[in-house]
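Data first, discussion second: the structure below is written as structure tokens.
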Amino acid sequence: MPSAFNYHVPRELLQKYAKPGPRYTSYPTAPVWSDDFSPEQTKILYQQNNAQADASQRPLALYVHLPFCTSLCWYCGCNVKISRQHKVTEPYLKALATELELVSPFIDPGRKVTQMHWGGGTPTYLSPDQIEALTSLIKSQIQFSPTAELSIEVDPRVTTAEHLEALRRSGFNRISMGVQDFNPDVQQAIHRIQPFEKTAELIQLSRKLGFKSINIDLMYGLPHQTVSSFADTLAQVHSLNPDRLALFHYAHVPWLKPAQKLIDQKAVPDSETKLAIFELAISDFVNQGYRYIGMDHFARPDDELSLAQDQHSLRRNFMGYTTQAGTDLYGFGMSSISEIDGHFIQNAREVPDYEDRLSQGKLPTLRGMWLRSEDHLRKAIIEELICNGYLDFKALSDRFKVDFSSHFSDELAESALLAEDELLMINSHSLQVLPRGQILIRNICMIWDAYLRTQQAAQGLFSRTA
Ligand SMILES: C[S@@+](CC[C@H](N)C(=O)[O-])C[C@H]1O[C@@H](n2cnc3c(N)ncnc32)[C@H](O)[C@@H]1O
Ligand code: SF4
């Protein structure tokens, strides 16, 4: 197992590899998708997906996007809608109900949901009664497996004991809490005041109520963060003993999220300090017994994510890392993404547009992409790199009916250059990502991205890789 030391990336290498790049939550990445993808095409995709001989046996994943928050955190890069008027939820929930009514008849009645995630925004902006009503509505139209994983993102500042109880009654068993940083100066500078005690109380109660996995989100690169202040935050986090941790590098994209201009750039740590904070966090997590799964995520070695990674069977979809392979993802709500038979569909990205389309009885498809066979192949490669850090050339040749070495001679030659910097190891039959390559995984994936060269001409699409 790698020690914290293996993750060290020398400064000059970081400088060499730091450039804008996708995070590969999908391949092909969203900017490549077509705006001409129509609701009719979405229906064809639903039909084809449920017409296959084994359709009733195919597991299903659902994502529900609940965009509302009471106040804006200035760093926020999510698809949110800020409102103190809780009645905004009423038309939105009505639109969600219409979407469910339009989509569920396409789903083979034998299919069962094995995974559902509610993200946001802040899903606990809904009242406990609304949470129970929405879950019942979904379960009345689509069957759930009794062992389904139901997870939710919550903001501890607005989540009450009643919310947690309603979530447990509705079958939620995994919870993820946004923290970012416990330091009061940092909290002030990001417009997010969140006392440690409130978070600790909710975590204790979640455990008592039987949530089987608790995740905490942290962020580095925020104003006033120092190595010493973040060490204090980490000590507080460990006292809460989360099962999983996410540590995000603050993505500063003010051209996409204008509210980020409120972040005082003079107070943001310089790149040396950011790197020192990141290295501190990695060594701290490893010392505390977590494993770096990749792409900002850490889990215990006996967590199912770690075990799946050991067996090279870890997968990733829009909801994050998962152990469930071959599951179609149906997304509901504004901006949500569906991934069906590997193809992508995205819903309208603004609440009024989403609600309007549904009030006219139309599917809210905004854009999408049908993947060609070359896309499926490259998508599989990028997923293997991010999840399992390993490519087996023969397995990929057999699965996709290509001669891997000749088909990807340019990519293999380019990968060999990264091997010189010890980001990976490569031989005639496999490619293995090394710990420092895990840190620069976006750079490794970029080699296999067939669209990147054209995209690179368009400035400002992606945040920096390091
Ligand atoms: C939808 S929010 C979490 C739930 C809830 N709204 C909250 O804030 O507690 C998901 C996570 O995305 C991360 N995030 C948001 N904006 C980000 C940004 N600009 N860069 C990196 N991570 C970001 C934060 O860590 C946040 O906890
Ligand atoms: S970080 Fe969470 S609570 Fe803050 S604005 Fe974004 S989604 Fe809302």
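Numbers for residues simply follow the sequence, beginning at 1. Note that ligands are numbered from 1 as they come in the structure, with each ligand's atoms numbered from 1 the same way.
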| For atom 1 (S) of ligand 2, what is the nearest protein heavy atom, given as residue, atom name and distance? | Y75 OH, 3.2 Å
| said: Quiz question: by atom type and distance under 3.5 Å, do the side chains of T122 and T124 form a donor-acceptor pair? | reply: no
| query | Does a donor on one side chain and an acceptor on the other come within less than 3.5 Å for D181 and H224? | reply | no
| said: So, at under 2.8 Å, which protein N, O or S atoms would a careful student list around atom 8 (Fe) of ligand 2? | reply: C69 SG
| query | Do F344 and F37 make the cut of ring centroids closer than 6.0 angstrom? | reply | no
| task | Start with the C-alpha gap between Y292 and I439, add the side-chain angles, then the distance that decides, and say whether side-chain contact (heavy atoms from CB on, under 4.5 Å) holds. | result | CA-CA 10 Å; Y292 186 37; I439 307 293; 3.9 Å; yes
| field | Side-chain donor-acceptor pair present, Q130, T89, cut-off under 3.5 Å | value | yes
| message | Under 4.0 Å between a side-chain nitrogen and a carboxylate oxygen: does that hold for R111 and D328? | response | yes
| message | Let's go through T114 and Q324 carefully: what are the C-alpha distance in whole Å and the side-chain angles of both, what is the deciding distance for side chain to side chain donor-acceptor pair (under 3.5 Å) to 0.1 Å, and is it a yes or a no? | response | CA-CA 9 Å; T114 54; Q324 301 185 9; 2.7 Å; yes
| message | Does either side chain, that of S213 or that of R174, offer a donor lying less than 3.5 Å from an acceptor on the other one? | response | yes
| query | Is there a donor in the side chain of Y354 and an acceptor in the side chain of E99, or the other way round, less than 3.5 Å apart? | reply | yes
| request: Would you mind checking which non-hydrogen protein atom is closest to atom 2 (Fe) of ligand 2, with the distance to 0.1 Å? | output: R192 NH1, 4.0 Å
Every pair of nitrogen or oxygen atoms between ligand 1 and the protein that is under 3.5 angstrom apart - can you list them with their distances to 0.1 Å?
residue, atom, partner, partner atom, Å
ligand 1, 6 (N), G121, O, 3.0
ligand 1, 6 (N), T122, OG1, 3.0
ligand 1, 8 (O), R192, NH1, 2.8
ligand 1, 9 (O), V154, O, 3.4
ligand 1, 9 (O), G178, N, 3.4
ligand 1, 9 (O), R192, NH2, 2.9
ligand 1, 16 (N), G77, N, 3.0
ligand 1, 19 (N), Y75, O, 2.9
ligand 1, 19 (N), A251, O, 3.2
ligand 1, 19 (N), Q260, NE2, 3.4
ligand 1, 20 (N), A251, N, 2.9
ligand 1, 25 (O), Q180, OE1, 2.7
ligand 1, 25 (O), Q180, NE2, 3.4
ligand 1, 27 (O), Q180, NE2, 2.8
ligand 1, 27 (O), D217, OD2, 2.8

| Geometric class of the Y27/Y451 ring pair [parallel <30°, tilted 30-60°, perpendicular >60°] | tilted
| Taking the inter-plane angle between the rings of H249 and Y220 on a 0 to 90° scale, is it parallel (under 30°), tilted (30 to 60°) or perpendicular (over 60°)? | parallel
| said: Could you check whether any heavy atom of R157 sits closer than 4.0 Å to an atom of ligand 2, since that is the contact criterion I want to use? | reply: yes
